[in-house]
2 protein chains.
Amino acid sequence: MGTKQQITERIGSLLRESKLSVTETRTKILELFMKSSGALEHADFEKLTGKTFDRVTIYRTLQTFLDKGIIHKIPTTDTSVRYALCKSECSEHDHHDHHIHFKCEECGNTICLDETDVPQIHLPKGYAAHTVEVVVSGVCKSCK
Amino acid sequence: MGTKQQITERIGSLLRESKLSVTETRTKILELFMKSSGALEHADFEKLTGKTFDRVTIYRTLQTFLDKGIIHKIPTTDTSVRYALCKSECSEHDHHDHHIHFKCEECGNTICLDETDVPQIHLPKGYAAHTVEVVVSGVCKSCK
DNA sequence: TTTTATTTGCAACATTGTTGCAAATTTATG
DNA sequence: CATAAATTTGCAACAATGTTGCAAATAAAA
């Protein structure tokens, strides 16, 4: 984890690497991602920051992070959109998140299982796969 | 496929089997599902029916169909919710849709690949899987 | 420190989804 | 087939979520 100071510095470099200005909103939101054990959705940021930031700013910040390959979206069957930090190998035009996602039916948390590879899918003839998204629902380690 | 007459009868039985009244809205929406090659989302119904039905009625109809196991949801990374018909083996408390979903990046269509099984996922110790959702993006047969 | 570029917050709006209730339709009953 | 009972529908009103333009504030560059 590291001290608060170290985290702030790490966030600073991450933003500068992505050619983004280092602002309070961006720093705070990245901090929340790093502290969190799982994926976050828009509403979480308003709660966790106590409405310090405008809704619009949060939307725009998340979009910017997506564009720069800092975070990725996780598919859901409801209208919420969940986001999680990408691994360091991701960049603006190249996502390398070849992991699956796990949603716990008990605690509601969604986490990235970074060690669990996305399986090979054997598609019918004529179909070309580009990306494969896997979301497993069940009971997580902590809730078992 | 069958004649219009036959489809209407099939829909009637399906609704009665699920202990639902046979109404115009429900018949029309099921008809659209059966005609459609892929998954549909709420907005499609308003378009396809030419605003014949109230938004609220469509929401409630889709929810009812979900509850009865007539349709299922497909996960997405945006705020839209996509629905598709379940296979005949599904019932109110028992879904048996063990297939993957394919979203074409060209035509935007989402389809159920009924012959393609959901792969076994080997989770880390401590995790219990309940359902596995797989959505593959790429280029479909027709767009290739 | 000043200039320039970027980001933020506000207002206003668009879209999507929900709830209560009266009217209309469907199903059950005599 | 007519009527009663149950269910479904449409409307109005609201809540939540997401978007856009623009002026003020902040960060980066000079």
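The basis for the numbers below is simple: all heavy atoms, side chains too, and nothing from hydrogens, waters or symmetry mates. Given the structure is predicted, the values throughout are model-derived calculations rather than measurements. Just so it is clear: chains get the letters A, B, ... in the order the sequence lines come, proteins before strands, and each one is counted from 1.
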Atom CD1 of Ile58(A) to atom P of dT19(D): distance rounded to whole Å? 14 Å
Residue pair Thr77(B) / Lys73(A): nearest heavy atoms and the distance that separates them: O-CD, 3.0 Å
Would you kindly compare His42(B) and Thr64(A) by the position of their nearest DNA chain C nucleotide and give the one closer to the 5′ end? Thr64(A)
When rounded to whole Å, the CG to C1' distance for the pair Leu15(A) and dT26(D) reads 15 Å
Measure OH/Tyr83(B) against P/dT16(C) and give the value in whole Å, please. 12 Å
Are Glu106(A) and Lys144(A) within salt-bridge range, i.e. N to O under 4.0 Å? no
Atom CZ of Phe45(B) and atom P of dT9(D) are separated, to the nearest Å, by 14 Å
Can you tell which of dG9(C), dG18(D), dT27(C) lies closest to the side chain of Phe53(A)? dG9(C)
Please state how far atom CG in Asp54(B) lies from atom C1' in dA13(D), giving the value in whole angstrom units. 13 Å
When you check the phosphate oxygens OP1 and OP2 of dG10(D), does a side-chain N or O of Arg55(B) lie under 4.0 Å from one of them? no
Quick one: does Val139(B)'s side chain get under 4.5 Å of His130(A)'s, heavy atoms only? no
Between the side chains of Lys28(B) and Glu24(B), is the shortest nitrogen-to-carboxylate-oxygen separation below 4.0 Å, so that they form an ion pair? no
Looking at dG17(C), I'd like to know if its phosphate oxygens (OP1 or OP2) sit under 4.0 Å from a side-chain N or O belonging to Thr79(A). no
Reading DNA chain D from 5' onward, which residue's closest nucleotide shows up sooner: Thr57(B) or Leu20(A)? Thr57(B)
Any base atoms under 4.0 Å from Ser80(A), or only sugar-phosphate, or nothing? Heavy atoms, all strands. nothing
Using five pairs at either end of the helix from dT1(C)-dA30(D) to dG30(C)-dC1(D), determine the angle between the two local helix axes and round it to 10 degrees. 30°
Measure the spacing between CG of Leu30(B) and NZ of Lys35(B) and express it to the nearest 0.5 Å. 12.5 Å
Do Lys4(B) and Ile7(B) have side-chain heavy atoms sitting under 4.5 Å apart? no
Picking from dT9(D), dT6(C), dT27(C), which would you name as closest to the side chain of Thr61(B)? dT9(D)
Path from Leu123(B) to Ile121(A) over hydrophobic side-chain contacts below 4.5 Å: yes
Rounded to whole angstrom units, what separation is found between the CG atom of Asp78(A) and the C1' atom of dT16(C)? 13 Å
Between atom CZ in Arg16(A) and atom P in dA27(D), what is the gap in whole Å? 13 Å
Short side-chain N/O contact to dT8(D) OP1/OP2 from Thr23(B), under 4.0 Å: no
Output the rounded distance in Å from CZ (Arg60(A)) to C1' (dT17(D)). 15 Å
